[in-house]
Amino acid sequence: MGDETVASVDAYEKCATIMAQHYATGPDVADLITKAATEACLPQLRAVAQSLQRKGESQTSMMSAIYQINTQLRRKLKMLILDERAKK
């Protein structure tokens with residue numbers, strides 16, 4: 001592997017390690033389910049980004065919109081999961 005690839009692999013491993021530590025010490029299963037659910041739907045999120053690009057949104061504006069959409073959806077999904085748990 002080249003230096004750039006090795007650096008990318010190292011960054012990926014560091015990110016995954018930080019996330020594993022984060023989930024091991026704090027959030028509950030609802031956070032993990034929410035993250036997995038949104039990551040499973042990345043093609044749909046990419047479609048949103050493409051739609052924003054076609055509208056002529058700037059890169060900064062598009063990234064901000066995607067971040068807001070993702071944050072709101074994760075909040076909504078977590079509440080849904082917690083509500084479903086409460087029903088059981």
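Computed over heavy atoms, backbone and side chain alike; hydrogens, waters and symmetry mates excluded.
- Hydrophobic clustering places L42 together with I66 (ILVMFWY residues linked when any side-chain heavy atoms are closer than 4.5 Å, directly or through intermediates).
- Residue-environment remark: CD (E13) stays at or below the threshold of 12 foreign heavy atoms within 6.0 Å.
- For the atom pair OG1 of T34 and CE of M79, the computed distance is 11.0 Å after rounding to the nearest 0.5 Å.
- Following chains of ILVMFWY side-chain contacts shorter than 4.5 Å, one cannot reach V48 starting from Y67, and the two form parts of different hydrophobic clusters.
- Counting only residues at least two apart or on different chains, the side chain to side chain donor-acceptor pair (under 3.5 Å) pairs with a member in residues 54-66 are E57-S61.
- The two atoms that bring L52 and A65 nearest to each other are CD1-CB, 3.9 Å, heavy atoms only.
- Within the model, atoms CD1 of I33 and CG of L77 stand 10.5 Å from one another, a figure rounded to the nearest 0.5 Å.
- With rounding to the nearest 0.5 Å, the separation of CZ in R74 from CD1 in I69 is 13.0 Å.
- Nearest approach of K78 to A30, heavy atoms of both residues: CG-CB, 4.0 Å.
- Taken together through direct or relayed side-chain contacts under 4.5 Å among Ile, Leu, Val, Met, Phe, Trp and Tyr, M62 and L45 form part of one hydrophobic cluster.
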